[in-house]
Trainee: 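Pasting a structure here, questions to come.
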Amino acid sequence: MPAPSSDPTPTRPPGRTVITFGTFDVFHLGHLRVIERAAALGDRLVVGVSADALNRRKKGRDPVFSEGERLAIVAALKPVDAVFLEESLELKRSYVERHRADVLVMGDDWAGRFDDLRDLCEVVYLPRTPAISTTALIEKIAGAV
Ligand code: C2G
């Protein structure tokens with residue numbers, strides 16, 4: 001029988017892990033497309049959903065849907081294997097390490113912003129889906145009532 005290993009180094013899960021981040025508020029097709037394309041780059045997709053407090057700090061307002069609601073929606077998607085709460089934009093490196101991600105995927109509105117992580121993982125910026133955004137949807141809904 002092999003001796004039990006005393007090596008405390010966590011082992012990388014088999015296959016390629018992809019990580020992506022977003023607010024995913026008022027979930028729309030642009031969100032779905034980026035999640036589908038991110039999942040296609042590996043075997044397992046982990047998604048960081050931004051915390052309400054992070055949105056208040058960065059955008060000065062609460063999202064329409066709470067972090068609990070946004071986590072539940074993203075977790076229910078077929079291409080998504082796991083979700084977690086993104087508490088700070090500055091913690092990307094530790095999230096990539098903690099989830100042992102091989103690839104970080106972001107929309108190209110973030111192009112260049114996370115290039116410093118290339119020593120740790122592959123960094124891919126995907127083109128945004130044109131002509132759809134949470135802000136435009138909120139304006140459309142507000143204009144319809
Ligand atoms: N997206 C897209 N096409 C759109 C709209 C959004 O591809 N028409 C992508 C964005 O590029 C992003 C993801 O969908 O990769 C989530 O978008 P947002 O919810 O706007 O996320 P954001 O507030 O940019 O993320 O660490 C990042 C933070 O979590 C904030």
Trainee: Strictly by side-chain hydrogen bond (donor to acceptor under 3.5 Å, both in side chains), give each pair with a member in residues 109-121 just once, sequence neighbours left out.
Mentor: Arg93-Asp119, Asp109-Arg128, Asp115-Arg118, Asp115-Tyr125
Trainee: Indicate if Val49 and Leu45 have the same hydrophobic cluster label, given that clusters are the connected sets of ILVMFWY residues with side-chain heavy-atom separations under 4.5 angstrom.
Mentor: yes
Trainee: State plainly whether one hydrophobic cluster holds both Val96 and Val80, where clusters connect Ile, Leu, Val, Met, Phe, Trp and Tyr through side-chain heavy atoms under 4.5 angstrom apart.
Mentor: no
Trainee: Tell me, which pairs form a side-chain hydrogen bond (donor to acceptor under 3.5 Å, both in side chains) where one or both residues lie in residues 27-39, sequence neighbours left out?
Mentor: His28-His31, Arg33-Glu36
Trainee: Rounded to the nearest 0.5 Å, how far does CG of Leu54 lie from CD of Glu87?
Mentor: 8.5 Å
Trainee: Hey, quick one: are Leu126 and Val103 part of the same hydrophobic cluster, counting side-chain heavy atoms closer than 4.5 Å, chains of contacts allowed?
Mentor: yes
Trainee: Tell me, please, which residues at least two apart from Ala72 pass side-chain contact (heavy atoms from CB on, under 4.5 Å).
Mentor: none
Trainee: Give a yes or no on whether a salt bridge exists between Glu86 and Arg57, defined as a side-chain N under 4.0 angstrom from a carboxylate O.
Mentor: no
Trainee: Could you pull out all donor-acceptor pairs under 3.5 Å where a side-chain atom in residues 132-140 meets a protein atom, sequence neighbours excluded?
Mentor:
unit_1	atom_1	unit_2	atom_2	d
Ser133	OG	Ala136	N	3.0
Thr134	OG1	Asp25	O	2.7

Trainee: Got Thr129 and Val34 here, is their nearest side-chain heavy-atom distance under 4.5 Å?
Mentor: no
Trainee: Walk me through whether Phe114 and Leu120 qualify under side-chain contact (heavy atoms from CB on, under 4.5 Å).
Mentor: CA-CA 11 Å; Phe114 302 109; Leu120 190 62; over 6 Å; no
Trainee: Verify, without hydrogens or angle tests, whether Thr17 (side chain) and Asp102 (backbone) share a donor-acceptor contact under 3.5 angstrom.
Mentor: no
Trainee: Would you say Asp43's side chain and Arg16's backbone share a donor-acceptor pair under 3.5 angstrom?
Mentor: yes
Trainee: Stepwise, does the side-chain contact (heavy atoms from CB on, under 4.5 Å) test hold for Leu71 with Leu85?
Mentor: CA-CA 8 Å; Leu71 278 165; Leu85 204 59; 3.8 Å; yes
Trainee: Quick check: closest heavy atoms across Ala101 and Cys121, and the distance to 0.1 Å?
Mentor: O-CB, 3.7 Å
Trainee: Would a single hydrophobic cluster contain both Leu104 and Val124, if residues Ile, Leu, Val, Met, Phe, Trp and Tyr are joined by side-chain heavy-atom contacts under 4.5 Å?
Mentor: no
Trainee: Is it the case that one hydrophobic cluster holds both Val47 and Leu89, taking links as side-chain heavy atoms less than 4.5 Å apart, direct or via other members?
Mentor: no
Trainee: Could you go through the salt bridge (Lys or Arg N to Asp or Glu O under 4.0 Å) check for Glu90 and Lys58 one step at a time?
Mentor: CA-CA 12 Å; Glu90 284 70 45; Lys58 296 286 170 185; 3.7 Å; yes
Trainee: I need the full list of ring pair (Phe, Tyr, Trp, His ring centres under 6.0 Å) pairs touching residues 40-86, with sequence neighbours left out, sorted by first then second residue.
Mentor: Phe21-Phe84, Phe84-Tyr95, Phe84-His99
Trainee: Got a second to check how far Phe24's CZ is from Ile73's CD1, nearest 0.5 Å?
Mentor: 11.5 Å
Trainee: Would you mind listing every salt bridge (Lys or Arg N to Asp or Glu O under 4.0 Å) that reaches into residues 66-83, with sequence neighbours excluded?
Mentor: Asp52-Arg70
Trainee: Would a 4.5 Å heavy-atom cut-off, applied to side chains only, mark Glu122 and Leu41 as touching?
Mentor: no
Trainee: Going by heavy atoms in the side chains, are Lys92 and Leu117 under 4.5 Å from each other?
Mentor: yes
Trainee: How far apart are the closest heavy atoms of Thr23 and Ser50, and which atoms are they?
Mentor: OG1-OG, 3.0 Å
